[in-house]
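In what follows, a structure is listed as structure tokens, so that the remarks can point back to it.
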Amino acid sequence: CSPTPMKLRDAPSACPSLWRCLPCPLAELRLDLVLSSGQSFRWWESSPGAWTGVLGDRVWTLRQDGDRLWYTVYGEEDEHKKEEERDGCPARAAKLDVAETDRILRDYFQLDVGLSALYRAWAAADPLFRKVANDFPGVRVLRQDPVECLFSFICTSNNHISRITAMIERLCQAFGRRLCCLDSRPFHAFPPLSALTGADAEARLRALGFGYRAKFVSGSARAIAEGLGTEGLCQLRTAPYAEARRVLCALPGVGAKVADCVCLLSLDKAEAVPVDTHVWHIARQRYGVALGGKSLTPRAYQEIGDFFRGLWGPRAGWAQAV
DNA sequence: CTTCGACCTGGATAT
DNA sequence: CGGACCAGGTCGAAA
């Protein structure tokens with residue numbers, strides 16, 4: 001890796017100046033529950049209570065204690081050199097930087113959304129939620145990058161988490177820019193759309209063990225590049241839920257469930273309720289949703305989503321994450 | 001409109 | 001009614 005290898009940082013105590021914190025009670029955010037629940041596949045518990053991963057083309061380690069969220073950001077490999085060359089005012093640069101990293105983190109965890117009040121409302125409307133809520137406080141929906149979210153969830157179809165995580169790791173290694181090394185372990189950015197549109201992308205993805213999803217990933221990358229573009233995809237954040245869903249479902253490898261995941265986890269559609277086989281079971285067994293068919297047809301899918309939206313309200317997707 | 005089978009791969013389980 | 005190749009599905013074809 002680098003000639004001067006960086007080390008993972010697990011706690012602020014060792015070197016407090018490299019860490020910052022945001023006020024954030026445990027009822028508002030439980031890092032362990034949110035980062036390991038399959039919303040994002042890019043976080044790793046680097047030591048007990050410390051989560052390391054890539055966010056916004058930077059490598060971070062996060063940790064929380066009491067009512068604070070602590071974070072540290074690792075520099076890129078040649079950042080030292082760049083700073084010397086620039087010969088600017090370091091204090092000023094650092095100050096701008098912390099304002100930005102604070103903002104990135106607050107945005108990613110959507111900390112302006114008050115979770116406690118939402119939990120109270122969902123608990124009041126739903127006795128079954130009430131039982132679960134006590135064991136799972138602080139579960140909130142991440143606001144992820146739409147490109148990363150889309151291509152990650154294309155990989156989830158008929159698949160399991162351990163393999164999905166490994167696939168995405170290999171995707172980033174093969175197609176993404178290397179950011180830095182921590183304890184000799186390389187970290188890569190999620191590739192931009194343009195990196196996935198090459199003629200050989202599908203073959204390379206197959207070689208990385210993507211199976212039939214290789215065609216979906218390269219096909220969707222191509223379709224977006226030739227259509228609405230990365231900007232257009234991101235602009236779906238301001239579009240109505242129905243339109244965003246319709247656009248996404250036109251992409252290869254994107255059906256109702258993946259589209260809803262992308263809507264909820266990256267496009268600000270809090271009412272989107274991704275219905276997987278697990279949710280379908282729960283809806284029938286625990287909530288007694290009566291449905292004609294024995295399989296998850298498009299109509300049944302819609303009805304289950306409508307049921308939970310009726311029960312939990314406009315942030316039904318957030319409640320379902322719990 | 002619903003139902004079916006195929007689809008890459010590897011984990012978990014049972015021969 | 002219990003157990004089963006299935007796992008956080010999607011696609012295309014067929015009745």
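Lettering of chains follows the sequences in order, A, B, ..., and the numbering in each one begins at 1.
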Could you tell me how far apart [X] ([atom1]) and [N] ([atom2]) are, to the nearest whole angstrom?
X: A:H281; N: C:dA7; atom1: NE2; atom2: C1'; answer: 13 Å
X: A:E303; N: B:dC1; atom1: CD; atom2: C1'; answer: 13 Å
X: A:F210; N: C:dA7; atom1: CZ; atom2: C1'; answer: 17 Å
X: A:R163; N: C:dC6; atom1: CZ; atom2: C1'; answer: 13 Å
X: A:R170; N: B:dT9; atom1: CZ; atom2: P; answer: 11 Å

Considering non-hydrogen atoms only, spot the tightest contact between [X] and [Y] and give its length.
X: A:V98; Y: A:Y71; result: O-OH, 3.7 Å
X: A:N158; Y: A:Y212; result: CB-OH, 3.6 Å
X: A:T52; Y: A:W43; result: C-CE3, 3.4 Å
X: A:K257; Y: A:V275; result: CG-O, 3.6 Å

Using the [atom1] atom on both, measure [N] against [M] and round to a whole Å.
N: C:dC6; M: B:dC7; atom1: C1'; answer: 13 Å
N: B:dG10; M: C:dA4; atom1: P; answer: 24 Å
N: B:dG11; M: C:dG3; atom1: P; answer: 26 Å
N: B:dA6; M: C:dC5; atom1: P; answer: 15 Å

Note to self: Looking at B:dC7, I'd like to know if its phosphate oxygens (OP1 or OP2) sit under 4.0 Å from a side-chain N or O belonging to A:R213.
What the structure shows: no
Check: Does a side-chain N or O from A:R299 land closer than 4.0 Å to OP1 or OP2 of B:dC1, or not?
Finding: no
Next item on the list: Taking the six-membered ring for Trp and the single ring otherwise, decide whether the centroids of A:Y119 and A:F129 are under 6.0 Å apart.
Entry: yes
Margin query: If you take the centroid of each ring, where Trp contributes its six-membered ring, are A:F187 and A:Y74 closer together than 6.0 Å?
Written below: no
Notebook entry, point to check: Counting a pair only when it is Watson-Crick or G-U and both distances are under 3.5 Å, which runs of at least 3 such pairs involve DNA chain B?
Noted result: B:2-7 with C:9-14, B:9-11 with C:5-7
Checklist line | Nucleotide-resolved protein contact map, nucleotides 8-15 of chain C, B/S/- at heavy-atom distance under 4.0 Å | finding: BBSS----
Check: Does NZ or CZ of A:R130 come closer than 6.0 Å to the centre of the six-membered ring of A:W122, within 45° of the ring's axis?
Finding: no
Check: Between A:R9 and A:T72, is any side-chain donor less than 3.5 angstrom from a side-chain acceptor?
Finding: yes
Item checked: A:K269 side-chain N/O to A:R237 backbone N/O, donor-acceptor pair under 3.5 Å -> yes
Note to self: Given B:dT2, B:dG11, B:dT3, identify the nucleotide with an atom nearest to the side chain of A:S162.
What the structure shows: B:dG11
